[in-house]
Amino acid sequence: MNLKRLLNDRIAAALEASLGEAAPAVVQSAARPEFGDYQANGVMGAAKRLKRNPREVAADVVARADLAGIAARCEIAGPGFLNVTLDDGFLATSLATSAPVEAAPEPETVVVDYSCPNLAKEMHVGHLRSTIIGDAMARVLEALGHTVIRQNHVGDWGTQFGMLLTFLDETGADSELLSDLETFYREAKKRFDADVDFADRSRRAVVGLQRGDPEIRRRWQRFIDISLSHCQEIYDRLGTTLRPEHVMAESAYNDDLDAVIADLDAAGLLEESQGARCVFLDEFKGKDGETLPLIVQKSDGGYLYATTDLAAVRYRARRLEADRVMYFTDARQALHFRQVFAVAGRAGFARDGMSLEHHPFGAMLGTDGKPFKTRAGEVVKLIQLLDEAEERALAEVTRRNPELPEAERREIARVIGIGAVKYADLSKNRTSDYVFDWDQMLSFDGNTAPYLLYAYSRIRSVFRRGEVDEDALTGDVLLAAPEEHTLAVTLLRLQETLESVAADGFPHLLCGYLYELAVQFMRFYEACPILTAEGDVRASRLLLCRRTAETLKTGLNLLGIETVERM
RNA sequence: GCGCCCGUAGCUCAGCUGGAUAGAGCGUUGGCCUCCGGAGCCAAAGGUCAGAGGUUCGAAUCCUCUCGGGCGCGCCA
């Protein structure tokens, strides 16, 4: 049940009948409680355009609108707003008959490109946002019935591997441990920057890798295996849906790269510049107003990430038959993706009508406003971050509920800690940087995971306390108190929220919704006794509790956050 | 230099195709426990929406400029 769309359709139809032409109804949830549940703002704009009196148009629209059985009231207010209050019987029936989440009528095939760590290093905080936001988006799209194809475009193919392999080769260093390999990487990088000959040998190793030199490939593969298993550990710990089969590494496109170059050439897009092969598009200007190249092949023959990204678009269009590709990567790559998308379009790599979307986000900052680092100034590894989240949560749970068995406290702390980190990230819209603040994300007040988990566990507690078999609840929801009415409307707004999340790629809309739901539930809880009520009223309130708990759990799970029965 | 993103309360953030008196949380101040978890609820104080123009019946939202911050701009990803 998408209330907003239902009202939009009905009012838009009345508006069209009244005006003789189509006009948007512009329905949104009411700005203030006294304006009802929803408001339609479209009359004023339409009346203005046709030089009609907005109040008269509004009156006509109200008369024509088919809202019988849906709205209890539809009133004209101010210069021509329509304020709609939904009918309690309609709300009760909708709660009883509509599924909490309904599938989209026209499902799409959506590729979600996310996480994408660089396999030369351990996963660090820089990978968190893409992984968490992308995973939530994949879950939401799937819940709406879309065919989601997760693609973890891991970096396993660049210059960095050349330098790493060359370093290992020349120093005889060896290890099975990723942390050691990371140390090697840092030292290799130092040499790469300082020693021109070493850099040269490294680049040749990349070319050897890309041409399939068996010995180089063997050593490379071993390294990749270690690194990927580390990533999978993190994914499991984070509770993401990413699995090994979602890995579609840069190297997987190796055999397509020659064809990409050939296609670009055939399309007349390829130009040679300073020995490198590039695509120049007029709309991209760099320094001094010169056209910016997208370099697709280096002067030494090596390929770059632009090449693999183009190959990926081609693959996703032709093999995966994607209608839509959503990239969740940091904002610094915005220009790169604009170029890749534009070139892919010109070269015919994308399908007609295929939507290529970069959903950017900023860097994580500490509370001091500077990039989030350890005290020693190093990048924070994800494993450290998750350990600390659970430790902090455990201390808090132990302080508040020392009587719980330790195993349960640890499990609760795990859910709260991981959930808090994920929720803090998911609940912010910022395309620019965001501030990572332990105290705020672990606070039990405000728009945080702990508050939502608390709201959920408190409802569960009602059922335990009342010894109520929730599966046996029957009867109708009765909406008498204003808190009950508002809670019912809020419960039914899940669908429209999820559809907005899917359309815009903004999980924070779901966070905002869940917080609003929790707040409305708490108001209901304060105002309306549940277990001490009698008969139909008690049953009705328990039904509201059950639906609220289900909705909170569904919503949190779509964000990739678990719930606990008590905390 | 050019380009992209951003600037909303002391702090962290919302503000949905332009709409009614710009909203939350934290923090501050003050209420509410014979009642289902006080990890809660209610209320108050707090904003020239960076600034200046413009479009509009109506602008935090759209346009232009200025200031401030972040990022990007040829062989890294």
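In this text, all values refer to a predicted model and were calculated from it rather than measured experimentally. Residue numbers start from 1 in every chain, and the chains themselves are labelled A, B, ... in the order their sequence lines are given, proteins ahead of strands.
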Euclidean distance for C1', B:G74 against B:C2 (whole angstrom): 16 Å
What nucleic acid atoms does A:E396 come within less than 4.0 Å of, heavy atoms only: base, sugar-phosphate, or nothing? nothing
Whom does B:G37 pair with, Watson-Crick or G-U wobble, provided both distances fall under 3.5 Å? none
Thinking salt bridges, do A:E496 and A:R493 make one under a 4.0 Å N-O criterion? yes
Work out how far the C1' atom of B:G25 is from that of B:G46, and round it to whole angstrom. 14 Å
Distance check, P atoms only: B:A24 and B:A9, in whole angstrom units. 15 Å
For a quick check of understanding: with a heavy-atom distance under 4.0 Å over all strands, which category does A:S299 fall into, base, sugar-phosphate or nothing? base
Give one of base, sugar-phosphate or nothing for A:I530, where a contact means two heavy atoms less than 4.0 Å apart. base
Can you tell me if A:R277 touches the phosphate of B:G74, counting only side-chain N or O atoms and a distance under 4.0 Å to OP1 or OP2? no
Closer than 4.0 Å, any side-chain N/O of A:Y451 to the OP1 or OP2 of B:C41? yes
Rounding to an integer number of angstrom, what distance separates B:G27 and B:G19 when you compare their C1' atoms? 33 Å
G-U wobble or Watson-Crick pairing nucleotide for B:C71 (cut-off 3.5 Å, both distances): B:G3
Do A:F436 and A:F372 have ring centroids that are under 6.0 Å from one another? yes
Students often mix this up, so state it plainly: with edges at 30° and 60°, are the rings of A:F506 and A:H508 parallel, tilted or perpendicular? perpendicular
Partner lookup for B:G25, please. Criteria are Watson-Crick or G-U wobble with both distances under 3.5 angstrom; report none if nothing qualifies. B:C11
C1' gap between B:G37 and B:U28, integer Å: 27 Å
So what does A:Y525 hit on the nucleic acid, given a heavy-atom distance under 4.0 Å: a base, only sugar-phosphate, or nothing? base
Which part of the nucleic acid, if any, lies within contact of A:C545, taking any heavy atom under 4.0 Å across all strands shown: a base, the sugar-phosphate backbone alone, or nothing? nothing
Rounded C1' spacing from B:U12 to B:G1 in Å: 35 Å
For A:A31 and A:A527, find the nucleotide of RNA chain B closest to each by heavy atoms; which residue's nucleotide sits nearer the 5' end? A:A31
Choose from B:G74, B:C75, B:G37 the nucleotide whose nearest atom is closest to any side-chain atom of A:F280. B:G74
Describe the nucleic acid contact of A:R400 in one word from base, sugar-phosphate, nothing, applying a heavy-atom distance below 4.0 Å. base
Looking at every strand, decide which applies to A:R203 at a 4.0 Å heavy-atom threshold: base, sugar-phosphate, or nothing. sugar-phosphate
Using only side-chain N and O atoms of A:R32, determine if any of them is under 4.0 Å from OP1 or OP2 of B:G23. yes
Looking only at side chains, do A:N254 and A:Y303 share a donor and an acceptor under 3.5 Å apart? no
Quick one: label A:Q274 by what it contacts on the DNA or RNA (base, sugar-phosphate, nothing), any heavy atom closer than 4.0 Å. base
Nearest-nucleotide comparison on RNA chain B, the residue closer to the 5′ end among A:E565 and A:S500: A:S500
From the list B:A77, B:C36, B:G25, which nucleotide is the closest neighbour of the side chain of A:Y305? B:A77
Taking syn as a glycosidic torsion within 90° of 0 and anything else as anti, which one is B:C33? syn
Which heavy atom of A:G162 sits nearest to which heavy atom of A:V206, and what is that distance? CA-CG2, 3.6 Å
Given A:F341 and A:Y327, is the ring pair (Phe, Tyr, Trp, His ring centres under 6.0 Å) satisfied, shown in steps? CA-CA 11 Å; A:F341 295 164; A:Y327 293 79; 5.2 Å; yes
For A:V397, report the nucleic acid contact type (base, sugar-phosphate, nothing); a contact means any heavy atom under 4.0 Å. nothing
Would you measure the distance from the P atom in B:C16 across to the matching atom in B:U55 and give it in whole Å? 24 Å
Contact class for A:G512 (heavy atom, under 4.0 Å): base, sugar-phosphate, or nothing? nothing
Under 3.5 Å on both distances, the Watson-Crick or G-U partner of B:A59: none
Of all the nucleotides listed (B:A20, B:A77, B:C16), which has the minimum atom distance to the side chain of A:S29? B:C16
Is any side-chain N or O of A:K298 under 3.5 Å from a base N or O of B:C76, one able to act as donor and the other as acceptor? no
A:R523 side chain, from C-beta outward: closest of B:A20, B:C41, B:G37: B:C41
Passing option when A:E470 is tested against A:R464, A:R547, A:R460 for salt bridge (charged side-chain N to carboxylate O under 4.0 Å, His left out): A:R460
Using Watson-Crick or G-U wobble geometry with both distances below 3.5 Å, tell me the partner of B:C16, or none. none
Determine, stepwise, if the pair A:D300 / A:R203 fulfils salt bridge (charged side-chain N to carboxylate O under 4.0 Å, His left out). CA-CA 8 Å; A:D300 64 10; A:R203 291 201 185 92; 5.1 Å; no
Between A:F328 and A:F361, is the gap from one ring center to the other below 6.0 Å? no
For a quick check of understanding: with a heavy-atom distance under 4.0 Å over all strands, which category does A:G45 fall into, base, sugar-phosphate or nothing? base
Options B:U56, B:G37, B:G74, nucleotide nearest the side-chain atoms of A:I295: B:G74
The side chain of A:V26 lies closest to which of these nucleotides: B:U17, B:C41, B:G37? B:U17
For A:F521 together with A:F524, are the ring centres under 6.0 Å from each other? yes
B:A39 OP1/OP2 closer than 4.0 Å to side-chain N/O of A:R458: no
Contact class for A:N83 vs. all strands (heavy atom < 4.0 Å): base, sugar-phosphate, or nothing? base
Tell me which nucleotide, if any, is Watson-Crick or G-U wobble paired with B:A45 when both distances must be under 3.5 Å. none
Describe the nucleic acid contact of A:R566 in one word from base, sugar-phosphate, nothing, applying a heavy-atom distance below 4.0 Å. base
Can B:G74 be described as syn, meaning its chi torsion is within 90° of 0, or is it anti? syn
Look for any protein N or O under 3.5 Å of an N or O in nucleotides 3-14 of chain B and output each such pair with its distance, or none.
from	atom 1	to	atom 2	distance (Å)
B:C5	O2'	A:T431	OG1	3.3
B:U8	O4	A:R430	NH2	3.4
B:U12	O2'	A:Q440	OE1	3.3
B:U12	O2'	A:Q440	NE2	2.8
B:C13	OP1	A:V435	N	3.0
B:A14	OP1	A:N429	N	2.4
B:A14	OP1	A:R430	N	3.0
B:A14	OP2	A:R430	NE	2.6
B:A14	OP2	A:R430	NH2	3.4

Using 4.0 Å as the upper bound for N to carboxylate O, is an ion pair formed by A:R392 and A:E396? no
Does A:K51 reach a base, just sugar-phosphate, or nothing at all? Heavy atoms under 4.0 Å. nothing
Just wondering, do A:F81 and B:A20 stack (centres under 5.5 Å, planes under 30°)? yes
